[in-house]
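Heads up, the thing below is written out as structure tokens.
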Amino acid sequence: MSISIGFIGAGAIGRVHAQAARDLGLKLAGIADINQEAAKKLADDLGGVPNFPDTDALLSDQGIGAVVIGVPNAHHASLAIKAMRQGKDVLLEKPMGLNADECRRINAAAEETGKIVQIGYVHRFSSVGRSAKRIIGSGALGKVYHVKAQLSRRRGIPGLGGWFTTKAQSGGGPLIDVGVHVIDLAMYLLGGTQPTRVSGKTYAHFGHPISDYIFESMWAGPPKLDGVFDVEDEAHALLHFADGTTLALDVAWAVNTPADSLPENLMAFFGDKGGLSFQLFGDHMKLATEIHKHNADSKLYLPEVRMYHDQLMDFANAVGNRTRPCADGSQGLIVQSVIDAIYESSETGREITLTAPSGAARSGGHVTPAAAGYKG
């Protein structure tokens, strides 16, 4: 497929995307990162991919038709908008923005330029995500009335003291970091029902002071002892949908859960005819049904997939055919509106209503999601 892709961000996630593009035989047209050493190393590791001195130089190259943006959250909106105005389609890592207002600006730029924006909700392409979509869509569970989504680590605060734990750069803690994945996947699998109200609570009990935080390993580490930690380390919420379905959400970077007492990640869908549960990174799922008036449990083994490769291929197909990608900006806005509402509920102690009309600002206990439906 003839698509020329540039990569903005040479960190861990940028490397994953670039390696997937290479494996798929896509044209890697360039890499840019504020850290020139990291950009050069990734370019060299990929076999001499062009290394641009900065993002402006990459975006001004008219031979590049699309970009993958994998940088700290605070730069998502500005880079995505600049890229589209320079004629590029965009695969934008999650979260879409720091808040719903940034997401609206991105969507407005996409409307203005006619460019494609795909959000990096990669778990839609996982083995469990794909299989759950088929099973739930088939009606095997009947009416799904409740979903449980849990993603937690005993000690998993990433890069403590760095940009991950600095609200001005990240937008928040585990809710905006990993919560986006399970919120999106739950709504994607439910297939179109709209969120209407939410109550939530966030906590910050670990890493204060940073030097007292006990951990065994650290993603994006080591800790910066003189850094900032002004985000939550744990969040819980109850989300209501228009059709009466509810979602119970529990996410944490750090929580005192005894080893092996609970899986680190679990999603469960409860229907009036059956139930389905799986771990986000698992190779199987469990199905609870009734057969001949007897309760029955099945363990479904799933094939291996390469979800980052498949996500990138979906993006390449959308770019090449000018079609809607699997996860678009309207859905990114809805997810971010839910996250904003959870933060607001925690701050105010009130349940927050999510209203339907597009474009209104957040005020008076209301958060506005996109008008478009959340459909797969």
Side-chain angles (χ1 to χ4, degrees), residues 5-6 8-9 55 59 65-122 124 170-172 175-176 179-181 183-185 187-188 192-196 198 242 311-312 314-319 321-344 352-363 366-376:
I5 306 181
I8 300 177
T55 57
L59 292 176
V67 293
V68 177
I69 298 175
V71 297
N73 304 347
H75 306 290
H76 284 194
S78 60
L79 285 174
I81 292 168
K82 183 182 290 186
M84 287 185 283
R85 288 178 176 163
Q86 291 277 11
K88 275 65 172 165
D89 296 303
V90 174
L91 172 54
L92 179 61
E93 256 302 332
K94 61 80 189 170
M96 186 175 176
L98 294 180
N99 51 56
D101 286 338
E102 287 198 348
C103 298
R104 292 187 188 96
R105 287 173 47 220
I106 294 171
N107 287 339
E111 182 71 21
E112 166 197 326
T113 61
K115 294 301 173 183
I116 289 168
V117 178
Q118 178 166 333
I119 312 303
Y121 296 144
V122 71
R124 296 186 182 200
S170 64
L175 180 58
I176 198 170
V180 291
H181 279 309
I183 292 170
D184 169 73
L185 188 57
M187 292 198 288
Y188 175 64
T193 184
Q194 294 297 300
T196 57
V198 65
Q311 176 183 243
L312 192 54
D314 181 72
F315 176 61
N317 286 331
V319 170
N321 299 316
R322 310 314 297 169
T323 55
R324 175 183 173 272
C326 182
D328 65 15
S330 68
Q331 295 169 345
L333 172 57
I334 294 176
V335 173
Q336 189 59 53
S337 295
V338 169
I339 290 170
D340 286 1
I342 295 171
Y343 283 132
E344 183 175 350
I352 305 300
T353 299
L354 292 99
T355 54
S358 178
R362 186 176 76 172
S363 63
H366 291 73
V367 175
T368 305
Y374 202 97
K375 296 180 180 178

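This one's a predicted model, so the numbers in the text were calculated from it and none came from an experiment.
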Open item on the list: Test of understanding: with ring-ring contact (aromatic ring centres under 6.0 Å, His included), list the residues that count as partners of H181, not counting sequence neighbours.
Closed with: H123

Open item on the list: Could you check whether any side-chain heavy atom of D340 comes within less than 4.5 Å of a side-chain heavy atom of D101, counting everything from C-beta outward?
Closed with: no

Open item on the list: Any non-hydrogen side-chain atom of V90 less than 4.5 Å from a side-chain atom of M84?
Closed with: yes

Compare every heavy atom of [Y] with every heavy atom of [X], then report the nearest pair and how far apart it is.
{"X": "Q86", "Y": "L59", "answer": "CB-O, 3.5 Å"}
{"X": "I339", "Y": "I176", "answer": "CD1-CA, 4.2 Å"}
{"X": "C103", "Y": "G97", "answer": "SG-N, 3.9 Å"}
{"X": "I352", "Y": "A341", "answer": "CG1-O, 3.5 Å"}

By side-chain contact (heavy atoms from CB on, under 4.5 Å), which residues pair with [X], not counting sequence neighbours?
{"X": "L98", "answer": "N73, A74, E102"}
{"X": "P325", "answer": "I116, Q118, D314, A318, D328"}
{"X": "T196", "answer": "H240, A242"}

TODO: Not counting sequence neighbours, which residues clear side-chain hydrogen bond (donor to acceptor under 3.5 Å, both in side chains) with K94? List them please.
DONE: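 Partners of K94 under the side-chain hydrogen bond (donor to acceptor under 3.5 Å, both in side chains) test: D177.
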
Within this structure, what is the [atom1]-[atom2] distance for the pair [X] and [Y], rounded to the nearest 0.5 Å?
{"X": "Y343", "Y": "N99", "atom1": "OH", "atom2": "CG", "result": "11.0 Å"}
{"X": "T113", "Y": "K88", "atom1": "OG1", "atom2": "NZ", "result": "12.0 Å"}
{"X": "Q331", "Y": "R324", "atom1": "CD", "atom2": "CZ", "result": "4.5 Å"}
{"X": "T55", "Y": "L79", "atom1": "OG1", "atom2": "CG", "result": "5.5 Å"}
{"X": "N107", "Y": "R105", "atom1": "CG", "atom2": "CZ", "result": "11.5 Å"}

Task: Summary of salt bridge (charged side-chain N to carboxylate O under 4.0 Å, His left out) pairs that have at least one residue in residues 107-120, sequence neighbours excluded - done: R85-E112

Open item on the list: Which residue is it: V67, V68, I119? I am looking for the one with a side chain to side chain contact (heavy atoms under 4.5 Å, CB included) to L91.
Closed with: V68

TODO: Look at the side chain of H76 and the backbone N and O of P95, then say whether any donor-acceptor pair between them is shorter than 3.5 Å.
DONE: yes

TODO: Would you confirm whether R124, through its side chain, and C326, through its main-chain N or O, come within 3.5 Å as a donor-acceptor pair?
DONE: yes

